[in-house]
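Inspection log for the structure reproduced underneath, given as structure tokens.
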Amino acid sequence: MKIEIDVDFEAEVASFYQSLGITQGPGDVQYRLILLVLAKNGEGRITRFSEIRRYTDDFADRGSIGSKMKTVFQLEGLVERVERGGYRITKKGMIAARFIQMTSEFYKKVKMTESLIERIP
């Protein structure tokens with residue numbers, strides 16, 4: 001799965017979903033970024049916590065991301081902790097990452113449709 005991570009775009013997409021009342025998953029920029037970083041490295045590969053923080057530091061402090069890794073990602077079986085500061089995404093995590101990508105695609109389609117409607121006289 002080829003993944004390019006644009007932090008500003010992900011924040012914009014999360015904001016869009018928050019405006020619809022969705023604050024978990026697609027509406028949580030931290031969740032989006034963490035999953036995309038893990039999926040970018042791929043299943044079976046170790047992702048360092050410092051690599052995740054490179055993308056999330058603008059939105060949250062270290063404790064917030066660490067807490068989310070323990071209370072959401074590990075608890076739900078999206079990642080496995082394999083060593084100190086290392087995580088491996090699971091099949092379930094890859095499915096969640098694909099869902100996040102699909103929410104981004106939906107957002108792009110909505111924005112494209114909005115721009116087309118605005119141009120209609």
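Bear in mind that the values here come from a model prediction, so they are computed numbers and not experimental data.
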Problem set entry | Ser67 backbone acceptor or donor facing Thr71 side chain under 3.5 Å |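 Yes, Thr71 side chain to Ser67 backbone: donor-acceptor pair under 3.5 Å.
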
Quick one: are [X] and [Y] in side-chain contact, heavy atoms under 4.5 Å?
| X | Y | value |
| --- | --- | --- |
| Glu83 | Arg48 | yes |
| Pro26 | Gln18 | no |
| Leu36 | Tyr55 | no |
| Leu78 | Met94 | no |
| Met69 | Ile52 | yes |
| Tyr17 | Gln24 | no |
| Lys40 | Ile5 | yes |

For this session: Not counting sequence neighbours, which residues clear ring pair (Phe, Tyr, Trp, His ring centres under 6.0 Å) with Phe73? List them please.
Result: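 If we apply the ring pair (Phe, Tyr, Trp, His ring centres under 6.0 Å) test to Phe73, skipping adjacent residues, the hits are Tyr31.
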
Seminar exercise, completed: Hits for side chain to side chain contact (heavy atoms under 4.5 Å, CB included) against Ile95, two or more places apart or cross-chain, chain-then-number order -> none

For this session: Just jot down the side chain to side chain contact (heavy atoms under 4.5 Å, CB included) partners of Arg81, sequence neighbours excluded, or say none.
Result: Gln74, Arg84, Tyr87

Joint cluster assignment, [X] & [Y], ILVMFWY side-chain distance < 4.5 Å:
| X | Y | result |
| --- | --- | --- |
| Phe9 | Phe59 | no |
| Val72 | Phe49 | yes |
| Ile46 | Val37 | no |

For this session: Go through the steps for Ile89 and Arg45 under the test side-chain contact (heavy atoms from CB on, under 4.5 Å), then give the verdict.
Result: CA-CA 8 Å; Ile89 193 166; Arg45 293 206 173 137; over 6 Å; no

Nearest heavy-atom neighbours spanning [X] and [Y]:
| X | Y | result |
| --- | --- | --- |
| Gly44 | Arg88 | O-NE, 3.4 Å |
| Asp28 | Thr23 | CB-O, 3.6 Å |
| Ile100 | Thr103 | O-OG1, 2.6 Å |

[atom1] of [X] to [atom2] of [Y]: how many Å apart, nearest 0.5 Å?
| X | Y | atom1 | atom2 | result |
| --- | --- | --- | --- | --- |
| Glu76 | Thr90 | CD | OG1 | 10.5 Å |
| Gln101 | Leu35 | CD | CG | 10.0 Å |
| Leu33 | Arg54 | CG | CZ | 13.0 Å |

Problem set entry | Stepwise side-chain contact (heavy atoms from CB on, under 4.5 Å) test for Val110 and Phe16 | CA-CA 10 Å; Val110 166; Phe16 168 75; 4.0 Å; yes

Problem set entry | Test item: side-chain donor near acceptor, Asn41 and Glu51, under 3.5 Å |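 The answer is yes; a qualifying pair exists.
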
Exercise. Cut-off 3.5 Å, side chains only: do Tyr107 and Glu12 have a donor facing an acceptor?
Worked result: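 Judged by distance alone, the side chains do pair up.
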
Exercise. Going through the distances and angles, do Ile65 and Gln30 end up as a side-chain contact (heavy atoms from CB on, under 4.5 Å)?
Worked result: CA-CA 7 Å; Ile65 299 301; Gln30 295 174 24; 3.7 Å; yes

Exercise. Taking the six-membered ring of Phe106, is the NZ or CZ of Lys111 close enough (under 6.0 Å from the centre) and on axis enough (within 45°)?
Worked result: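 No cation-pi geometry.
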
Exercise. Between Arg98 and Glu105, is there a salt bridge with N-O shorter than 4.0 Å?
Worked result: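 Here Glu105 pairs with Arg98 in a salt bridge, since their nearest N and O are under 4.0 Å apart.
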
